[in-house]
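Below: the structure, in structure tokens.
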Amino acid sequence: MEQADTSTSGTMTDVRPRRHPTVGNERHPLLILGGGIGGLAAALALAQHGMKSHVIEKRKVYEPEGAGIQIGPNGSRLLASLGVADALEPLAGKPDLIHARDSATGATLARLPLGGWIAKRHGAPYWVLHRADLHQALFDAARASPLIARTTDFDAIAVENRGEHVVVRSRSSGEIEGSAMIAADGIRSMVRDEFFAGKPLRFAGKCAARAVIPATAMPKSLAENATGLWMSPKAHVVHYPVRGGSEVALVFVRNETAASDDWSASLQSSWVTEPARAFAKSLRDLLDVPAEWKKWSLYELPPLPTWVRGNICLLGDAAHPTLPFLAQGGVLAIEDAAVLARMIARRPDDICQGFTLYERERRPRATRVVAAAKSNGSIYHLDGFLAQARNAAMRISPPEMLMARYDWIYGYRA
Ligand SMILES: Cc1cc2nc3c(=O)[nH]c(=O)nc-3n(C[C@H](O)[C@H](O)[C@H](O)COP(=O)(O)OP(=O)(O)OC[C@H]3O[C@@H](n4cnc5c(N)ncnc54)[C@H](O)[C@@H]3O)c2cc1C
């Protein structure tokens with residue numbers, strides 16, 4: 001671990017944009033706080049531009065998190081350019097379609113094309129992955145890069161700006177110094193809370209439960225190579241194949257009056273099965289399968305005044321947490337990483353300018369995706385006449401036309 005120079009000190013609020021001749025070099029790598037999806041992707045993207053970084057992560061190891069992640073073509077394209085597609089390809093589910101149904105009746109509302117159709121349209125596949133597989137592939141690629149240093153088991157409790165250098169400190173593992181910092185420390189970002197004046201996280205009125213089951217446990221009537229989407233007024237369900245089709249990831253989202261702080265709380269299965277009593281039998285059968293569900297609360301963040309303070313910037317969920325109803329939060333973090341590395345490489349002598357260019361390019365995109373995800377959640381939970389109108393529109397619209405409405409998401413090139 002590097003030793004910090006303690007000869008000067010300052011606080012984040014002192015920081016003014018300044019030129020940075022040393023960014024990403026041998027002595028002062030760029031610090032990346034958070035070795036999640038966005039942090040590791042940022043390290044890999046910087047390495048592609050020949051820049052050194054140091055990823056600092058509080059976890060000791062990546063425990064398998066029992067949840068899946070959908071990666072649209074805008075994300076799989078970037079995973080390929082980061083060099084992790086070959087490792088992920090055998091593990092990825094490649095659903096042929098999104099099968100949208102009414103939860104109560106089980107009736108099909110639309111069969112939206114994925115598979116070859118979306119790969120051809122956007123030049124990259126639609127993948128569904130186990131989250132642990134994605135983390136592992138990014139982590140292995142980072143470990144193999146001579147340009148990426150990593151420190152795990154380092155729970156950052158303070159960040160200090162010392163003029164041209166940034167120091168991050170933990171309670172028990174000392175401190176690490178770098179030329180600048182990318183804060184990719186997730187939805188509960190310590191850096192954001194401490195230095196980026198903004199409104200606090202707001203409970204979105206919904207909680208999600210997740211589980212992974214063997215594919216062999218899938219009810220026979222639901223056995224198809226598809227992402228399943230079931231809609232009802234108070235809850236919706238998404239499921240898709242992961243680990244090359246050997247397992248199925250399930251997410252159950254329902255309205256809730258209060259948030260729980262534990263993001264990974266074990267759950268009484270009745271939280272899922274109780275509201276599911278009104279659902280079609282095949283869906284009830286599916287929701288009965290998991291022996292254990294993990295629950296977490298969903299939050300929104302009012303837009304921040306800025307993502308950049310001097311030589312510190314925010315990335316991924318730290319900057320723009322996204323409700324999961326478009327399956328884009330992780331992909332947005334990967335897009336951020338690619339753009340950020342490109343902008344820093346464009347202005348290697350001026351990190352603050354690189355950060356500013358990054359925010360300028362990424363903020364409109366992230367804002368639009370965040371809003372669209374929220375709106376999708378409302379559409380999934382429509383009730384009464386509005387739900388009937390939604391269902392009718394989905395039934396009569398050509399499926400390709402429904403999917404084409406998302407071209408702006410999947411066709412994006414970071
Ligand atoms: C129900 C649900 C389903 C989702 N489904 C999808 C999907 O299908 N597709 C998709 O693209 N996205 C999905 N997402 C969103 C996605 O998981 C997040 O947007 C993504 O993980 C954000 O990446 P990140 O790197 O910004 O943060 P994270 O992946 O959360 O990483 C943050 C990292 O920082 C570390 N850290 C935090 N604080 C500190 C500290 N003080 N010191 C050191 N390290 C620290 C953490 O341990 C963690 O490793 C979903 C989210 C939810 C809630």
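Values below: every heavy atom of this structure, side chains too, minus hydrogens, waters and symmetry copies. Since we're looking at a predicted model, the values are computed, not measured. Order of appearance sets the numbers: ligands from 1, and atoms from 1 within every ligand. Residues: numbered from 1 along the sequence shown.
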Should Q70 be counted as touching ligand 1, given the test is an N or O pair under 3.5 Å? yes
Any carboxylate oxygen within less than 4.0 angstrom of a Lys/Arg side-chain nitrogen, looking at R342 and E361? yes
So is G34 polar-close to ligand 1, meaning N/O to N/O under 3.5 Å? no
Check: M190 N/O within less than 3.5 Å of ligand 1 N/O: no
Before signing off on this row, confirm whether H135 and ligand 1 have an N or O atom pair separated by under 3.5 Å. no
For ligand 1, find out whether one of its N or O atoms is nearer than 3.5 Å to an N or O atom of A156. yes
Geometric cation-pi criterion R188 and Y299, 6.0 Å radius, 45° cone: yes
Geometric N/O contact Y240 with ligand 1, under 3.5 angstrom: no
Give the intermediate values and the outcome of side-chain hydrogen bond (donor to acceptor under 3.5 Å, both in side chains) for residues Y126 and Q70. CA-CA 8 Å; Y126 193 105; Q70 306 195 61; 2.9 Å; yes
Sub-4.0 Å heavy-atom contact, T322 with ligand 1: no
Using a 6.0 Å distance limit plus a 45 degree cone around the ring axis, check whether R309 lies over the aromatic ring of F355. no
Taking distance alone, with no angle check, do G68 and ligand 1 share an N/O pair under 3.5 Å? no
Electrostatic pair E256-K206, nearest N-O below 4.0 angstrom: no
Between L33 and ligand 1, which part of the residue brings a heavy atom under 4.0 Å of the ligand: side chain, backbone, both or neither? side chain
Carboxylate-amine/guanidinium contact R162 E160, below 4.0 Å: yes
Would you check if the distance from the ring center of F325 to the ring center of H236 is below 6.0 Å? yes
With respect to I71, determine whether any N or O atom, backbone or side chain, lies less than 3.5 Å from an N or O atom of ligand 1. no
Any R188 heavy atom less than 4.0 Å to ligand 1: no
Flag the pair E274 and R277 as a salt bridge only when some basic side-chain nitrogen lies within less than 4.0 angstrom of an acidic carboxylate oxygen. yes
Per-residue contact class, R59 against ligand 1 - non-hydrogen pairs under 4.0 Å: side chain
